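Have a look at the structure below, then the notes.
Only a predicted model underlies this, so the values are computations on that prediction, with no experimental measurement involved.
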Amino acid sequence: MTSRQADHPVDRLFIDRWSPRAFDATAIPQADLDTIMEAARWAPSAFNHQPWRFLYAHRDGEAWDSFLGLLLPFNQAWAQRASVLIFVLSDTLIDQVEGVPKPFRSHAFDAGAAWAQLALQTTRLGYHAHGMTGVDFAAARTALAVPDRFEINAAVAIGRRGDPSYLSESLRAREQPSGRKPITDIAFEGAFPQ
């Protein structure tokens, strides 16, 4: 639970979700990760295409070092104590009845919805998820054998919150839930404000 306060009534889950960098390096049982993936699975999707894909590695698994090595050094420094690393991908094409794939405009939008549900379920289970784009995307495409039609959107670190003492001084100072822009800065009736 955080000290964040909403300006309008929302479920506490939305306020409690935040992205720490200090993790405790404990394992996440596969059953918990399956529950997290199940929540992502039920995200809304245009044409029910479900373009999201998740590649993951447990910290005690064979793929861990490879996954960690695909993050930029800044993210490696703190994500090394996460319990699971996930790469979020989306299918940029949709196959038509004629068998000719065409560009799928909402692939990243839909994958973002799945990521949001993943993050909220993670919070509900007592873990935290931290999404990041500090990734060597070209190396990730090769190392993870990602087909050309898929875009790598982001990586995610999941784990239980840990002692921030291993973080750099500047990151320790930021290790708290951040605020959000007010609704008046993000939602407008009618056309985009000039």
Could you check whether any side-chain heavy atom of [X] comes within less than 4.5 Å of a side-chain heavy atom of [Y], counting everything from C-beta outward?
X      : Y      : answer
Thr122 : Val156 : no
Ser19  : Arg17  : yes
Asp7   : Arg180 : no

Sub-3.5 Å donor-acceptor pair from the side chain of [X] to the main-chain atoms of [Y], do we have one?
X      : Y      : answer
Arg4   : Ser178 : yes
Arg59  : Trp64  : no
Arg81  : Thr26  : no
Ser106 : Phe109 : no
Gln194 : Phe192 : yes
His49  : Leu93  : yes
Ser83  : Gly159 : no

Can you say whether the rings of Trp18 and His128 are parallel (under 30°), tilted (30 to 60°) or perpendicular (over 60°)?
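It falls in the perpendicular class, over 60°.
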Between Glu175 and Arg172, does at least one N-O distance fall below 4.0 Å, as a salt bridge requires?
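So Glu175 does not pair with Arg172 through a salt bridge.
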Worked check of side chain to side chain donor-acceptor pair (under 3.5 Å) between Asp16 and Thr123
CA-CA 7 Å; Asp16 290 343; Thr123 300; over 6 Å; no
List the steps and the verdict of side-chain contact (heavy atoms from CB on, under 4.5 Å) for Gln121 and Glu38.
CA-CA 9 Å; Gln121 183 63 56; Glu38 183 71 15; over 6 Å; no
Within a radius of less than 6.0 Å around CG of Asp34, do more than 12 heavy atoms belonging to other residues, nucleotides or ligands occur?
yes
Using a 6.0 Å cut-off, check whether atom CZ of Phe188 has over 12 heavy atoms from anything other than its own residue.
yes
Is Arg53 positioned over the aromatic face of Phe150, cation under 6.0 angstrom from the ring centre and no more than 45 degrees off axis?
no
Nearest 0.5 Å, please: how far is CG in Leu85 from CG in Leu55?
12.0 Å
